[in-house]
Amino acid sequence: MVEIKLHNSKTRKKEVFTPINSDNVRMYVCGPTVYDRAHLGNARPVVVFDVLNRLLRHVYGEDHVTYVRNFTDVDDKINATAKARKDAGAEGTMEELIAARSDETIKWYLEDMEELGAREPDHMPRATQYIEQMIAMSQDLIDKGHAYAAEGHVLFAVDSYKKYGALSGRSVDDMIAGARVEVAPYKRNPMDFVLWKPSDENTPGWDSPWGKGRPGWHIECSAMAFELLGETFDIHGGGNDLQFPHHENEIAQSCCAHGEDTFAQYWLHNEMLQVEGKKMSKSLGNFFTVRDLLDQGTTGEVIRYVFLQTHYRKPMNWTELKADQATKHLSNYYRLLADLGRTYWEDETRSGIVADEFVSALADDINGSLALHHLHDLAKEARSKRNFPEKVKPLLERLHGALVLLGFNPAKSEALWFFIETDEKDLLGTNETGPNIGVFGWVGISEIEKGVLFRVGRKWWELRTQGQYNLADELRDEILSLGLMLEATKNGAQVKAPKPVSMEKLEPLL
RNA sequence: GGCGAGUUGGCGGAGUGGUGACGCAGCGGAUUGCAAAUCCGUGUACACGAGUUCGAUUCUCGUACUCGCCUCCA
């Protein structure tokens with residue numbers, strides 16, 4: 001059994017990970033509040049914990065891991081959008097409009113995260129589906145003397161939990177001293193937080209022992225983790241901005257309801273994503289969405305690769321340069337993998353060979369950067385032995401396996417398939433045997449665009465073989481200026497288009 | 001103000017108690033009609049100060065700077 005080490009925020013140390021039950025390793029990750037498109041910062045924990053999920057499944061077995069990630073669909077920003085739509089004349093009740101907004105946003109989120117190669121968790125509970133459990137848990141906390149009802153609210157009494165603040169290393173007194181928030185008069189202690197709050201006609205509400213209302217933010221994760229993973233489970237993850245107060249409050253609620261030392265045993269927190277050295281956040285307004293990047297032609301795999309380069313506990317700066325380098329690396333790997341041939345890739349049962357060095361890298365507190373460097377070394381070795389097919393094949397299978405472990409999917413990459421396809425036959429559909437023109441296109445390239453790229457490559461090759469070097473060089477310069485890459489090999493030419501290219505500009509060159 | 005994290009070459013970014021991966025860029029070479037790709041070779045770095053040690057970039061303390069949390073946020 002591979003020994004996995006994880007940095008546990010609870011102890012602030014890297015610890016050997018020992019699951020409570022290795023037949024069912026349980027992980028809960030705080031998911032998004034579904035009020036709009038996910039910004040790039042939202043994607044970082046998704047990728048980080050996706051890699052961990054893959055590692056755990058590799059080590060403990062595909063069916064021996066339970067991964068839960070929630071959707072927070074009780075939120076004032078969702079309500080606001082629903083209200084705005086209603087005011088603008090949208091059909092339906094407020095409840096329906098709220099649900100429609102959440103449904104729409106969840107759909108976007110899942111589509112965008114799939115582009116990043118993130119597997120869907122086993123359970124993706126929505127807060128609105130667990131209101132009953134949240135009410136029950138709040139009542140239980142009142143019964144046990146850890147919470148109290150006041151003016152239609154239910155509040156958690158932080159004084160009732162001695163360890164409050166342990167996760168984030170804060171003392172209640174210090175926080176009160178430095179608090180910048182106005183304290184509601186019904187709170188016994190200024191740090192007491194809301195489990196339940198009253199709703200008016202403009203906000204969604206559910207009947208409860210304390211009147212019509214809705215849950216506070218923190219209680220949902222405690223209730224859903226309990227329902228789906230039990231009192232005690234292995235890993236709880238999320239962004240480090242959630243450490244306080246969200247995770248602190250989750251611990252207080254769950255441990256007071258279910259007992260000391262219950263709830264998560266290992267807490268993992270990813271650092272924030274930065275843009276120009278500043279945290280990407282809503283209040284700074286310096287964010288862009290995953291969809292924005294995808295629409296600009298940066299593939300999800302490139303985003304994943306860039307994320308993997310920086311250790312999850314360090315701030316990561318997103319830059320164009322990194323995206324360009326990642327594009328280049330991935331394209332090189334896929335081009336190498338094409339050498340495994342069509343027969344290999346057509347067999348869907350193949351997933352490559354997972355070499356130990358990659359597992360070790362990830363097992364050392366998810367060191368994605370190190371894994372990527374191993375990837376590079378492996379590719380280098382494979383390239384150097386390219387003229388010895390029997391030696392190269394196992395190396396490429398390891399490259400394949402490593403990419404899969406890291407969450408890339410070369411078998412489904414259109415870029416790879418396109419390369420194999422055009423490398424072996426004339427894309428124009430004629431039977432003539434011609435030069436070997438390889439084309440390496442971006443994901444989602446159309447048949448027509450493939451044909452244009454192919455003809456561009458063939459024309460360049462023909463000019464070269466005819467000795468018309470001036471014309472060939474002229475054509476090459478124009479092609480390069482459009483962002484394409486060209487390579488001459490012994491038997492033909494290769495055209496690489498990592499990003500979408502305007503066909504209107506390419507066609508006149510033919 | 002309280003708490004926490006970080007500071008490695010031109011840029012990015014690992015790692016280590018015994019002088020420091022790797023990638024990109026640069027430079028030199030092989031190759032090429034010229035390129036590209038590939039291969040080979042190559043220079044510069046561990047914020048600053050003190051301490052522990054035979055020896056620290058790696059451990060401890062201090063200083064500076066950066067960033068985060070304390071407010072919706074991943």
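Chain identifiers are assigned alphabetically (A, B, ...) following the order of the sequence lines, protein sequences preceding nucleic acid strands; residue numbering begins at 1 within each chain. Model, not experiment: these values are computed from the prediction.
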Handout entry: Interatomic distance at P, G29(B) relative to C65(B), whole Å
Key = 47 Å
Practice task
Please measure how far the P atom in G62(B) lies from the corresponding atom in C3(B), and state the result in whole Å.
Solution key: 12 Å
Exercise for the section: Please say whether the positively charged group of R69(A), taken as NZ for Lys or CZ for Arg, lies over the ring of F49(A), i.e. under 6.0 angstrom from the six-membered ring centre and within 45 degrees of the axis. Expected result: no
Handout entry: Candidates R313(A), K14(A), K314(A), K5(A) - the one meeting salt bridge (charged side-chain N to carboxylate O under 4.0 Å, His left out) with D365(A)
Key = R313(A)
Practice task
Using salt bridge (charged side-chain N to carboxylate O under 4.0 Å, His left out) as the criterion, point out the one residue from K83(A), R214(A), K197(A) that pairs with D76(A).
Solution key: R214(A)
Look at all strands and tell whether [X] reaches a base, only sugar-phosphate, or nothing, counting heavy atoms closer than 4.0 Å.
| X | answer |
| --- | --- |
| R69(A) | nothing |
| D324(A) | nothing |
| R464(A) | base |
| S384(A) | nothing |
| R170(A) | base |
| K322(A) | sugar-phosphate |
| Q309(A) | sugar-phosphate |
| S168(A) | sugar-phosphate |
| G41(A) | base |
| H376(A) | sugar-phosphate |
| S369(A) | sugar-phosphate |
| M280(A) | base |
| K496(A) | nothing |
| L273(A) | base |

Problem - Spacing of H246(A) atom NE2 relative to C70(B) atom P, expressed in whole Å - result: 13 Å
Practice task
May I have the distance from N270(A) (atom CG) to G68(B) (atom C1'), rounded to whole angstrom?
Solution key: 12 Å
Taking only side-chain nitrogens and oxygens of [X], does any of them come within less than 4.0 Å of OP1 or OP2 of [N]?
| X | N | answer |
| --- | --- | --- |
| N367(A) | G15(B) | yes |
| K314(A) | A14(B) | yes |
| K278(A) | C67(B) | yes |

For [N], the Watson-Crick or wobble partner whose two distances fall under 3.5 Å:
| N | answer |
| --- | --- |
| U71(B) | none |
| A45(B) | none |
| U66(B) | A5(B) |
| U16(B) | none |
| C24(B) | G10(B) |
| U38(B) | A30(B) |
| U52(B) | none |

Exercise for the section: Quickly, which of V2(A), D50(A), I4(A) forms a side-chain contact (heavy atoms from CB on, under 4.5 Å) with L55(A)? Name it, please. Expected result: I4(A)
Exercise for the section: Return the nearest nucleotide to the side chain of K77(A); candidates are C72(B), C40(B), C67(B). Expected result: C72(B)
Problem - Y164(A) and N249(A) side chains, donor-acceptor separation under 3.5 Å - result: yes
Exercise for the section: Decide yes or no, distance alone: a donor-acceptor N/O pair under 3.5 angstrom between the base of C39(B) and the side-chain of R383(A). Expected result: no
Handout entry: Minimal non-hydrogen separation, R12(A) against G169(A), with atom names
Key = NH2-N, 3.2 Å
Handout entry: Closest-nucleotide ordering on RNA chain B, the 5'-leading residue of A379(A) and H373(A)
Key = H373(A)
Practice task
Take L480(A) and T33(A), find for each the nucleotide of RNA chain B with the closest heavy atom, and name the residue whose nucleotide sits nearer the 5' end.
Solution key: L480(A)
